[in-house]
There are 2 protein chains.
Amino acid sequence: MRINLGNDPLSSKTEVETVISKIRDLIINRQLEPGDKLPSERALSNKFDASRSQLRLAIQKLEFYGLVKRYPKSGTFVSKIGVGALNSMMANILHLQTPDFKSLVETRLILETKAVKLAAMRRTEKQLYQIEKAHEAYIKKSINGQDALDEDLLFHLKVAEASCNSVINSLMLVITPEIITNFVTKKICDAQNFSSLIKEHQDIVNAIKNNDPDEAIKSLKIHFKDLYNYCHTN
Amino acid sequence: MRINLGNDPLSSKTEVETVISKIRDLIINRQLEPGDKLPSERALSNKFDASRSQLRLAIQKLEFYGLVKRYPKSGTFVSKIGVGALNSMMANILHLQTPDFKSLVETRLILETKAVKLAAMRRTEKQLYQIEKAHEAYIKKSINGQDALDEDLLFHLKVAEASCNSVINSLMLVITPEIITNFVTKKICDAQNFSSLIKEHQDIVNAIKNNDPDEAIKSLKIHFKDLYNYCHTN
DNA sequence: ATGTTTAAATTGGTCAACCAAATTGGTTAA
DNA sequence: TTAACCAATTTGGTTGACCAATTTAAACAT
């Protein structure tokens, strides 16, 4: 798993991509139909003249995107998705580029806006407590004039958790660190005084506490005003 | 990479989770600080009494979520994220469950609503052409009374591509197959006559063609009316 | 013929040995 | 004293051999 957001961790990428490309060709040429069993890893690695390791990495990537399904000791099967869609998705996977920061931020805004709304609707008492705890830690660090980036991150993660939507939570987990690392270099958020930032967080907490989805969204949009501007300008 | 949406493809999951858990302990106990270099894979596999393969899988998963960063021939480093956030994210990763269908659909609605809006704003001529082509294929299959699920999928993927947001596109790629497989079993969409479905698609295409974001969103919401109901009821 | 048992072959998963690149430390020459 | 070089060590990456579960088909009894 990883949603490969472009940062490919391992392997001579080109080799894996070659293998994926060849598998795609098999599907396009109808030598391999949706639902079919793939040839064994050994057979394929031989046929493609690639090592089994590289072939496994390729299959792992395909499985991550749900295009094939592995059954241990039994075989790997092409998902029952239309040939056109399979082809298109594989093309997409092959072209995956390291994501531009603007896309990242834009997506974060979407997800977190929804997360904060859902959190206001569904949060349990325990989740609310965790959010409040994170918020307090943020305050504590912040009023000492220290950099509270970590506490800020934790706060937002806890909100995502409280959305009670496992997929949103997962996606936030994936894109958040990417954003963090970019944040250090770019510095979008202008230096507000910390007390206003604390208030913005507090408004979000209150809205979630009061089960007020609309207010929660409104508060978040104020908090992310700079980010919105960053996305919508140029 | 994969966004692990819960479907863990390989490996004695428990073993990997044990390793991740132990690495988390190292961080909690401050034996490993953000930015630090991890001990070598060999050293860790020895220390944790796990095979190096399993340890690599664990690190791969952590890297996928951006919690560590690998540098070939040089070492693996803990991301410079606060200890609290690291801990929380690792806990999340460990608890990741196979996503419930409702979360999946809910997230799809969010992403695709945004995607369709952005597509209406940013689509290139080429992307528009691809969408139209997919739509025509859908029509062709549909008026013959055949099942056009695949063409439908391809249509929506092309819309996501036209959003010109690489992250949204990636995320859609990840969650879409999961939805498809669930769709077959559950059958949420009631059997509309195909002509109304075609018209709904056509409205979306037109809105994107006319660069009318609001109309695009409106059309999509009509098209996904059943899905919305599915999410908001019960 | 047919159904059942059993053994051989095939499967994806795992592992320990190996590889080349990168780092490191010491040595040497300026 | 400093800078440059070289070799030994350490690194993550890769590989081919091995494993156990599964599937297959052949052998056998009915």
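Within every chain, numbering begins at 1; the chains are lettered A, B, ... in the order of the sequence lines, protein sequences first and strands thereafter.
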Rounded distance in Å - [atom1] ([X]) to [atom2] ([N]):
{"X": "B:Leu57", "N": "D:dG13", "atom1": "CG", "atom2": "P", "value": "12 Å"}
{"X": "A:Asp36", "N": "C:dT11", "atom1": "CG", "atom2": "P", "value": "15 Å"}
{"X": "B:Gln60", "N": "C:dG13", "atom1": "CD", "atom2": "P", "value": "13 Å"}
{"X": "A:Phe77", "N": "C:dT11", "atom1": "CZ", "atom2": "C1'", "value": "10 Å"}
{"X": "B:Arg70", "N": "D:dG12", "atom1": "CZ", "atom2": "P", "value": "8 Å"}
{"X": "B:Leu38", "N": "D:dT10", "atom1": "CG", "atom2": "P", "value": "18 Å"}
{"X": "A:Arg56", "N": "C:dG12", "atom1": "CZ", "atom2": "C1'", "value": "6 Å"}
{"X": "A:Leu55", "N": "C:dG12", "atom1": "CG", "atom2": "P", "value": "9 Å"}

Whichever of A:Arg52 and A:Lys73 has the more 5' nearest nucleotide on DNA chain D, that residue is A:Arg52
Got a sec, which residues hit side chain to side chain donor-acceptor pair (under 3.5 Å) with B:Thr107, two or more places apart in sequence or on another chain?
A:Asn165
Mind checking what makes side chain to side chain donor-acceptor pair (under 3.5 Å) contact with A:Arg42, not counting sequence neighbours?
none
Which part of the nucleic acid, if any, lies within reach of B:Ser53 when heavy atoms closer than 4.0 Å are counted: base, sugar-phosphate only, or nothing?
base
Roughly how bent is the helix from C:dA1-D:dT30 to C:dA30-D:dT1 end to end, in steps of 10 degrees, with each end axis from five pairs?
20°
Would you indicate, yes or no, if [N] has its OP1 or OP2 atom less than 4.0 angstrom from a side-chain nitrogen or oxygen of [X]?
{"X": "A:Gln54", "N": "D:dT15", "value": "yes"}
{"X": "B:Ser51", "N": "C:dC15", "value": "yes"}
{"X": "B:Ser74", "N": "D:dG12", "value": "no"}

Residues in residues 39-48 of chain B with a heavy atom under 4.0 Å of DNA chain D, by number, are B:Ser40, B:Glu41, B:Arg42
Minimum heavy-atom distance between A:Leu32 and A:Lys37, given as atom pair plus value:
CD1-O, 4.0 Å
Closest non-hydrogen atom pair, B:Glu33 against B:Val78
O-CB, 3.8 Å
Does anything in residues 154-165 of chain A pair up under salt bridge (Lys or Arg N to Asp or Glu O under 4.0 Å), and if so which pairs, sequence neighbours excluded?
A:Lys158-A:Glu161
Pairs meeting criterion salt bridge (Lys or Arg N to Asp or Glu O under 4.0 Å) with involvement of residues 73-100 of chain A, two or more places apart:
none
Of all pairs that satisfy ring-ring contact (aromatic ring centres under 6.0 Å, His included), the ones with a partner from residues 72-91 of chain A, not counting sequence neighbours:
A:Tyr71-A:Phe77
A:Phe224: what forms a ring pair (Phe, Tyr, Trp, His ring centres under 6.0 Å) with it, not counting sequence neighbours?
A:His156
Without placing hydrogens or testing angles, list every side-chain donor-acceptor pair under 3.5 Å for residues 133-142 of chain B, not counting sequence neighbours.
from, atom 1, to, atom 2, distance (Å)
B:His135, NE2, B:Gln202, OE1, 2.9
B:Lys141, NZ, B:Glu151, OE2, 3.3

